[in-house]
2 protein chains.
Amino acid sequence: MKKVDTESRQNSILNAIVESYVDNATPVGSRAIAQRFRNTISPATIRNVMADLEEKGLISHPHTSAGRVPTDKGYRFYVDSLLELKHLTKEEEAIINKLIHQSTSDIEYVMQNASKAISIVTNVAGVVLTPRLKRSIFKHIELFNMDDSRIMAVIVTTSGFVKNSIMDFEEHLTGQELTRITEFLNSELEGVSLGEIKSYLTRKLLEERDSFYIFLKRAADILSVPDLFKADDHLYFDGAACIMSHPEFMDIKKARLFLMACEDKKGLLNLLNQDMELEGVKIHIGKENLYNEIQDLSIVTCNYKVNDMIIGAIAAIGPTRMEYGKVISVLKYISSELGKELESLG
Amino acid sequence: MKKVDTESRQNSILNAIVESYVDNATPVGSRAIAQRFRNTISPATIRNVMADLEEKGLISHPHTSAGRVPTDKGYRFYVDSLLELKHLTKEEEAIINKLIHQSTSDIEYVMQNASKAISIVTNVAGVVLTPRLKRSIFKHIELFNMDDSRIMAVIVTTSGFVKNSIMDFEEHLTGQELTRITEFLNSELEGVSLGEIKSYLTRKLLEERDSFYIFLKRAADILSVPDLFKADDHLYFDGAACIMSHPEFMDIKKARLFLMACEDKKGLLNLLNQDMELEGVKIHIGKENLYNEIQDLSIVTCNYKVNDMIIGAIAAIGPTRMEYGKVISVLKYISSELGKELESLG
DNA sequence: ATTAGCACTCTAACACTTAGAGTGCTATTT
DNA sequence: AAATAGCACTCTAAGTGTTAGAGTGCTAAT
């Protein structure tokens, strides 16, 4: 009899279990798996393998005599080693493109639609984090007096994002002075990321020692207003309703906990800000490593770029039982399309 | 025997039914009502009155032998004629104030917190519509060249709202020209609402016939960019999770429909924009007159003002069985606090 | 090493029963 | 005439059995 690689058979059976469970949301039995293998392996054999997988902690029994269900660890192994990406259909790409590439210059609208696109195509909730200002590249600044004691600054980034901030400023600057400072900053800061402006100007300050110093200092003071780079922490969310179509949320209690997690902007913000730094798609499964240890919830995140610069992140939130292969592909695709759209707006 | 006013007794019994049902979410029987009246009326009598109320369509039987439940029509009568406003507790006011009067100049944050305040205090979902630009009063404008073909306009309103828009403009204007136009607009438009700017300038145009005409025309052209007043259609939403604590959403199907209604930004936007025009609190009960006829959902809306000018709206969305008296008071209070906060930011 | 066979377990579904809450009607009281 | 007590009736929700079927784990056979 031909020798079978135990390891690889275990893997392919785990793979089958996960996929069957993701499809049907019902514990999967040995018979069902055997059928997936066109009965080339008997249910009894599969039961043995299942026992092994259970010992490894990759699957579990809800009750003595029910089928098997993947554990968090099982999903983890699946996404790390087994999973195959699923290509998007033409229709899905069309839906996404239609939503994202609207001919509008309204970034808010694009973001909102991106989150909607995620949720429609993946059938789980979609989240979009606005472009991080600190990561954005300076394009243009304009300063002007609002009244005697307040200056308004308008900063435009290469990704088309506009940030304005009103600041109190004790000493009144004349329009001329402001214009000079504006011109100076515009010529000086081109291509600098907003996050670096402060240190950039400080460095400049150290170099300069002549009459220019005071002038430069003033410009730095204006831009050091704390509020200027704050408040770009908006999350766009969509798909709360479609989440409810998953059978795991038959129990309202669970549905509620899920929604609470979705509404926890701070937690999501932290997670996205962290994940953003890492390349590619990141997956958080169940209790694994979430800020919030309560429920059967997975989050898949992916950053997006403008002109090859990481600038924000998008995510899908759903039950641990989700189509990871598809979700990953969708996020990658949307990330790329969103990046393109933002470039065109910039 | 003393003669009893049938009408007024019917009313007070309806009142008791509604309030009991709102409290307990369970069909209310004659015994329970009798107890509410400290048994000054017997259950049998109440049954007779209930039969009358049912004939009038104000209450109904879920099943032959269950208690009574208010119909949409019953709620309508209740809110129109019977309802007593409920005062907020000091604690509730404190929660609201803490959320709204943050010492931040970030309007987004204030709006988000206002929606959260609604949902926390009323235990239904809260919605806040951003200040309508068209209703806002012009305070300041700044125009500057982004590059050869694009001008950026930044408009500041008295409510502290800042709107910026980038527009393509065939003919290049020099910085000087732009500055002159800016100065002109600033002196000319003070106190005009953004919605009236267009007609205001058109009127001016008709009056003027001299060399100033071209100049004025140009200014009008710049401000007639369609995008400038668009895109202030953001809704802040909070409380999807807390909605799930209501027993009417035990059935996931209903929960889902409810969430779908909450996510229907367009529908809500329409409703809020309409209601905004009317003074005071507006209530939409059940199938009564909602854009969406599917479910047991009520929406209560209230506009808010800045400097006595109606400028936006807030709303509470929940099951028809909600504490109208409280919700109304809360919306009024939050509307007023939100207005104050915006004035202080302006 | 694999598989067939079989005893065993657990659930989900269905039928049946029952307690209790509530109604509506009628006769009685005030 | 209006209010109420009394009572038969209805319907639900909860509990109890029962059963079919899906699934397991073990052992013996291949």
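Letters A, B, ... mirror the listed sequences (proteins, then strands); counts begin at 1.
- Atom CG of A:Asp52 and atom C1' of C:dT2 are 14 Å apart (whole Å).
- Distance check: A:Ile95 CD1 to A:Glu92 CD gives 6.5 Å after rounding to the nearest 0.5 Å.
- Salt bridge A:Asp72/A:Lys287: absent, no basic N to carboxylate O contact under 4.0 Å.
- Between the CG atom of B:Asn39 and the C1' atom of D:dA5 there is a distance of 14 Å, rounded to whole Å.
- The phosphate of D:dC11 (OP1 or OP2) has a side-chain N or O of B:Thr64 nearer than 4.0 angstrom.
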For nucleotides 28-30 of chain D, give me every protein contact, N/O to N/O, under 3.5 Å, one pair per line with atom names.
none

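- Ion pairing between B:Asp238 and A:Lys265 fails under the 4.0 Å rule for side-chain N and carboxylate O.
- The distance from atom CD1 of A:Ile33 to atom C1' of D:dA22 is 14 Å, rounded to the nearest whole Å.
- Two rings, from A:Phe237 and B:Phe237, have their centers 6.0 Å or more apart.
- Taking atom CZ of A:Arg9 as the reference point, atom C1' of C:dT3 lies 11 Å away to the nearest angstrom.
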List the steps, then state whether side-chain contact (heavy atoms from CB on, under 4.5 Å) holds for A:Lys254 with A:Asp251.
CA-CA 6 Å; A:Lys254 287 197 179 174; A:Asp251 178 4; 4.1 Å; yes
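- Side-chain contact annotation: A:Gln274 with A:Lys282, donor-acceptor N/O pair under 3.5 Å absent.
- For B:Ser42 and D:dT4, the shortest distance from a side-chain N or O to OP1 or OP2 is below 4.0 Å.
- Residues A:Val127 and A:Tyr236 form no side-chain contact, since every pair of their non-hydrogen atoms from C-beta on lies 4.5 Å or further apart.
- Within 6.0 Å of NZ in B:Lys326 there are more than 12 heavy atoms belonging to other residues, nucleotides or ligands.
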Please produce a list of atom pairs where a protein N or O lies less than 3.5 Å from an N or O of nucleotides 11-17 of chain C.
from   : atom 1 : to      : atom 2 : distance (Å)
C:dT11 : OP1    : A:His63 : ND1    : 2.9

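- Atom-to-atom, CD of A:Glu54 to C1' of D:dG25 comes out at 11 Å; the value is rounded to the nearest Å.
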Between the protein and nucleotides 25-27 of chain C, which nitrogen or oxygen pairs are less than 3.5 angstrom apart?
none

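- Under a cut-off of 6.0 angstrom, the local environment of NE2 in B:His87 is sparse, with at most 12 non-hydrogen atoms contributed by other residues, nucleotides or ligands.
- For B:Arg68 and C:dG24, the shortest distance from a side-chain N or O to OP1 or OP2 is below 4.0 Å.
- The interatomic distance linking A:Ile46 (CD1) with C:dA1 (C1') rounds to 15 Å, in whole Å.
- Ion pairing between A:Asp52 and A:Arg9 fails under the 4.0 Å rule for side-chain N and carboxylate O.
- In this entry the distance linking CD1 of A:Ile41 with P of C:dT3 reads 8 Å, nearest Å.
- Note on B:Ser30: every side-chain N or O is 4.0 Å or more away from OP1 and OP2 of C:dG22.
- Counting non-hydrogen atoms of neighbouring residues, nucleotides and ligands closer than 6.0 angstrom, the NZ atom of A:Lys116 reaches no more than 12 such neighbours.
- The residues B:Glu54 and B:Arg68 are annotated as salt-bridged, a charged nitrogen and a carboxylate oxygen being separated by less than 4.0 angstrom.
- In this structure, NE2 of B:His61 is placed 12 Å from C1' of C:dA21, rounded to the nearest angstrom.
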